[in-house]
J.: 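Next up is a structure, given as structure tokens.
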Amino acid sequence: MGKLKLAHIIKGDRALWAITIALAVFSLLPVYSASSTIAFASRGGDTLPMLLKHGFHLIISLLLLIGAHRIPYKSYAPIASLMYPIVVVLLLYTLVNGHSVANASRWIRIPGSSLTFQTSALASVVLMMYLSRNLAKAKAEVLSSLKLSFIPLLLPIFLICGLILPANFSTAALIFIVAISLLFIGGYAIKNLFIICGSGVAALALFIVVILAIPNSNSRVSTWKTRIESFYKGDVSENYQVHKAKMAIAEGLVIGKGPGKSIQKNFLPQSDSDFIYAVIVEEFGGIGGFLILLFYSSFLVRVLNIARKSGSKFGMYLVSGIGLMICIQAFINMGVAVNLIPVTGQTLPLISAGGSSIWMTCLAIGIMLSVSVGLAKNKETQPEEESNNPETPSHVPA
Amino acid sequence: MSENKSIHSRILIAATPFFVAALLIFGKLIYIQYVEGPDLRAESQSDIIKEKVIKAERGNIYSSDGKLLATTVPVFDLYMDPITVESEVFNREVPHLAKALSEQFDHKTAPAWESYLRQKRSSKKRYVKLAEEVSFADLQTIKSFPIFNLGRFSGGLIYEQENYRTRPLEKIGARTIGYDNERGRTGIEGAYSSFLTGIDGARLKQKVAKEKWKPITGSYTIEPRNGLDVISTIDTKVQDVVHHELLKALERFDADHGCAVVMDVKTGAIKGIANLGRTEEGTYFERRNYAVWESTEPGSTFKLASVLVALEDGLADTNTLVDTEEGIYTIYNKKIKDSNVKNGKGGYGKVSLKRAFEVSSNVGIVKLVYDHYHQRPEDFVDRLYTLGINKPLGVSIKGETAPLIPKPGDANWSGITLPWMAFGYQVSLTPLQILSLYNAVANNGIMVKPRFVEEVREHGRLLKKNEVAVLNPAICSKQTLQKLQSMLNGVVQNGTATNIKNPVVSIAGKTGTCQLNYWKKATRDYQASFAGYFPADNPQYSCIVVINKPNLHRGYYGSTVAAPVFKAIAQNMYGDLPKNLEALTENNFFVEAQQSSGLDDAETNTLPNLVGKDGAEALSWLENQGYKVKVQGIGKVKWQYPQAGSNLGKSALIELRLG
């Protein structure tokens, strides 16, 4: 009975479902453990509220996931067209009016609640949807021309990244990288991609030079400044976190200290988000660290699999864009924890505490699952069909 | 289809860096664990696991009557982190906090507190000092202040515990109780530091959060051993009397400094010791341990030693006649004068040695010594040395100055050294060293070492008892001793100190008036002293009072400046000893006094008419009522101040003149 019911609710790629659920459940342990410092400091040592909060977010996320994957994936094309301007307005609002954490206006408060919401997370998903829609629609000459592609493809990217950049450089950069990757996947002229990337890098270089040159006019700028400087100079105070993360990893050895036994979590700022991977390794050892890597790698494999099997361009772009977005966050987060790259403040999707991050990840996975559902439907109704008639969002089959 | 294939191959290309990243991340993870691992793990262990010192509690110092003289209490230094308080809360509550703070710490007004906190907050200070050395009880109050009551993290109150050594009796005996800190080790605190300090323990602790450490094991690595308690010889009642009587005299004579010591004759236990020096503001406090440290020429109190030597050598007796002539004696063109010379009628003529001692005739004593010893001064000095007064007493507390008694052959020995030594110049001793000599006379010739500490205890259990330390079992023969005692008695009965003769307690002793820095023409500074013991017939306590540089216009003789302090101390200690007798006189006197003043109310603070009453009765009644009384003369009350019927507080000073 229950199995039958479950099958009605859960559709699409079973493996992706399994990976998602496993990561989400696994997230309870380290988040609960890592949060004990915060709980100890501000709540008299009671960690249960933290666990309940995280559990609450997971349930909301599960609902979003179920909801999103039940919408036929082709509906996401018109949804993207609708959402894109809304997201732009939200980003503008966040920039001007946002709720600051560490001097960055990244959050807006959801009216009538104490929940905050990171707009850039939603924007990244919407941008991938919107780009996928426009790419699938684009004619060959659009893809090979900077001029023709500017309005449908380049402007949406620059607008979103530009609005996110002042408050959250790393997220803007990641979105830019994934968006460029998506253009590449969509067959955008490689030569032009280099020009775009080149100008992007040049713009970034200019940005960095300007930041390093100007006096500390605003504290956000100085935060970037110290981050950039510290990575190259090995500044002791800024590298404190990284060093503690390395200690945590070193302490974990093969099987780790066991759930909740991490010591370094007490000294690691952001032990439940930015550096959660280090805490996982300390508590669950190299095996735990390897498993997490394996889960995300398998996740990527599923992304490739769903994309390959998806008959439509839109489906392929949608799955690969959103999938890469989640993966890049995961690998950047883990890269930071093992000190391969500088501290960026990216969360570990599904595992890090932080409400809107999990919501958006689940929403994104829901969209990917919806593609896989469509794929299954395609197989049932018209296997190995519709090839030289690329559907465009303007005439999506109902 | 082929287009989809090429899309898919491009997706693979885009995904490839991720798989590479996964390998890199795992590689770096292994590298950190196994290459950098050993160092990191060692560092992690040393960072978060430490052997934390568990401070041993310092022992207490008690008086012999069981009162706390020194103890350690926790105090707290308070700071505030105004940044941690939410700005809305801060702005709303800071006036209330400022008001509460101004009530607790009134060196700043409420507006001043408010602007102080606001200014520190706006300049991003996270460690703003509020107060130092706040007691635990006050801390509890402060924690309930607005803002602070939001708790440690939202309220921003930071407190750091310090251990504070406190003396419950405050300034009284402060120098003798001493201290043991970065400034040094003095007094009992310093002398008994090794007992009081204890041994710090250690315990392995693990850091669980910033500034939070939890013990790892159930037991200590090193068990802390709290310091031992030291029971001093000081009796708070005696100490109080000694302190206040000395203080009164210093104030009255506007003296630079002084000391007064009361010692138990048999055991050498110091029952009370006060050392008061004048500040620039003219108030007095325990400045230095003069009794132990300050070595000066003692003057006439040293005549006891001179006479002792002559008597012991059989060269004189108490009735031996000495010719004090006109009070002036010249040796090597240096004049030795008796104190009455300047009054016109100098000297005392031919008198007995006892009389010469009683009136403290310099000429008499010098001639006695000089006549017998000027051919063989070494015999005189050797005899002094056999007393043991040339060696330090070796008291436990720091800073004793060694005595200086020159001998023939010393570089500074000259023809006048011997005669000058005879009346207490050219030698240098501390008050405590002089007192030991007088104590030996009182103690049947047994010289004992002055002691400040009775016992060392751990949780009330006796660990170490200081035995009586005999420095010299017999300073002289029994006969000599009896003669000395009768001469010291005579000083009070018929000599320079008849003013301290009183009906409460018999006193034996010797006055000393010594000119300081007499080689300097411009200065005329004196040191007034009185050393002796009481009761004269059955000595229980010896005592010395030394007062330096009194205001010459107010008096400088040992008899007028120092002796009354001695008497007051003796009377205070003995005034309430014969309980039964006192109870009787008190009742009789009280009834009589009430009747004569026409008052019925026994609880009144009204002073009765005391004129015509017996002086001793009046004195003991008044003192038992809690009044401080100053008495002059002997006999019946002939004058009183304030007058009869005056309404006064118990702390009032009442002056009586008897006659």
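Throughout, protein chains are lettered first and strands after them, A, B, ... in sequence-line order, and every chain is numbered starting at 1.
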J.: Using every non-hydrogen atom in the two residues, find where A/F331 and B/A21 come nearest and quote the distance to one decimal.
T.: CD2-CB, 4.2 Å
J.: Does any N or O in the side chain of B/Q33 come within less than 3.5 Å of the main-chain N or O of A/I249, such that one atom is a donor and the other an acceptor?
T.: yes
J.: Could you tell me which portion of B/Y31 (side chain, backbone, both or neither) has an atom closer than 4.5 angstrom to a non-hydrogen atom of chain A?
T.: neither
J.: About how many Å separate CZ of B/R10 and CG of A/L182, when rounded to the nearest 0.5 Å?
T.: 10.5 Å
J.: Do A/H243 and B/L40 touch side chain to side chain, with heavy atoms closer than 4.5 Å?
T.: yes
J.: Evaluate whether atom NZ of B/K99 has more than 12 neighbouring non-hydrogen atoms of other residues, nucleotides or ligands under 6.0 angstrom away.
T.: no
J.: Go through the atoms of A/S297 and report whether side chain, backbone, both or neither lie under 4.5 Å from a heavy atom of chain B.
T.: both
J.: Assess whether a salt bridge exists between A/E251 and B/R41, defined as any Lys/Arg side-chain N lying under 4.0 Å from an Asp/Glu carboxylate O.
T.: no
J.: Quick one: pull up CZ in A/R308 and CD1 in B/I7 and give me the separation to the nearest 0.5 Å.
T.: 14.5 Å
J.: Where is the tightest heavy-atom contact between A/C327 and B/F18, given as atom of each residue plus distance?
T.: C-CE2, 3.7 Å
J.: Can you sort out the partners of A/F295 under side chain to side chain contact (heavy atoms under 4.5 Å, CB included), two or more places apart, ordered by chain and number?
T.: A/I19, A/A22, A/L23
J.: Give the member of B/G37, B/P38, B/A15 that has the highest number of heavy-atom pairs under 4.5 Å with chain A.
T.: B/A15
J.: Give, as side chain, backbone, both or neither, the part of A/L293 having an atom under 4.5 angstrom from any heavy atom of chain B.
T.: side chain
J.: Please look at B/L24 and chain A and tell me whether the side chain, the backbone, both or neither of the residue comes under 4.5 angstrom of a heavy atom of that chain.
T.: both
J.: Would you indicate whether B/F136, at its atom CZ, is surrounded by more than 12 heavy atoms from other residues, nucleotides or ligands within a distance under 6.0 Å?
T.: no
J.: Who among A/G187, A/A248, A/S181 has the most heavy-atom pairs with chain B under 4.5 Å?
T.: A/G187
J.: So which residue, B/L29, B/I11, B/I13, ends up with the most heavy-atom pairs under 4.5 Å with chain A?
T.: B/I11
J.: Rounded at 0.5 Å granularity, tell me how far NZ in A/K246 sits from CG in B/D39.
T.: 10.5 Å
J.: What part of A/Y317 gets within 4.5 angstrom of chain B, counting heavy atoms only: side chain, backbone, both, or neither?
T.: side chain
J.: Check whether A/I328 gets within reach of chain B through its side chain, its backbone, both or neither, counting any heavy atom under 4.5 Å.
T.: both
J.: Near A/I255 CD1, under 6.0 Å, is it more than 12 heavy atoms from other residues, nucleotides or ligands?
T.: no
J.: Under 4.5 Å, heavy atom to heavy atom, which residues of residues 78-92 of chain B contact chain A?
T.: none
J.: Return the CE to CD distance between A/M247 and B/E36, rounded to the nearest 0.5 Å.
T.: 11.0 Å
J.: Quick one: pull up CD1 in A/I185 and OG in B/S9 and give me the separation to the nearest 0.5 Å.
T.: 10.0 Å
J.: Does any part of the side chain of B/F26, heavy atoms only, come nearer than 4.5 Å to the side chain of A/V338, both counted from C-beta?
T.: no
J.: Can you check whether A/G335's main-chain N or O pairs, donor with acceptor, with B/K28's side chain at less than 3.5 Å?
T.: no
J.: Please check if atom CD in B/E458 has more than 12 non-hydrogen atoms from other residues, nucleotides or ligands closer than 6.0 Å.
T.: yes
J.: Chain B heavy atoms under 4.5 Å from A/V319: which part of the residue, side chain, backbone, both or neither?
T.: neither
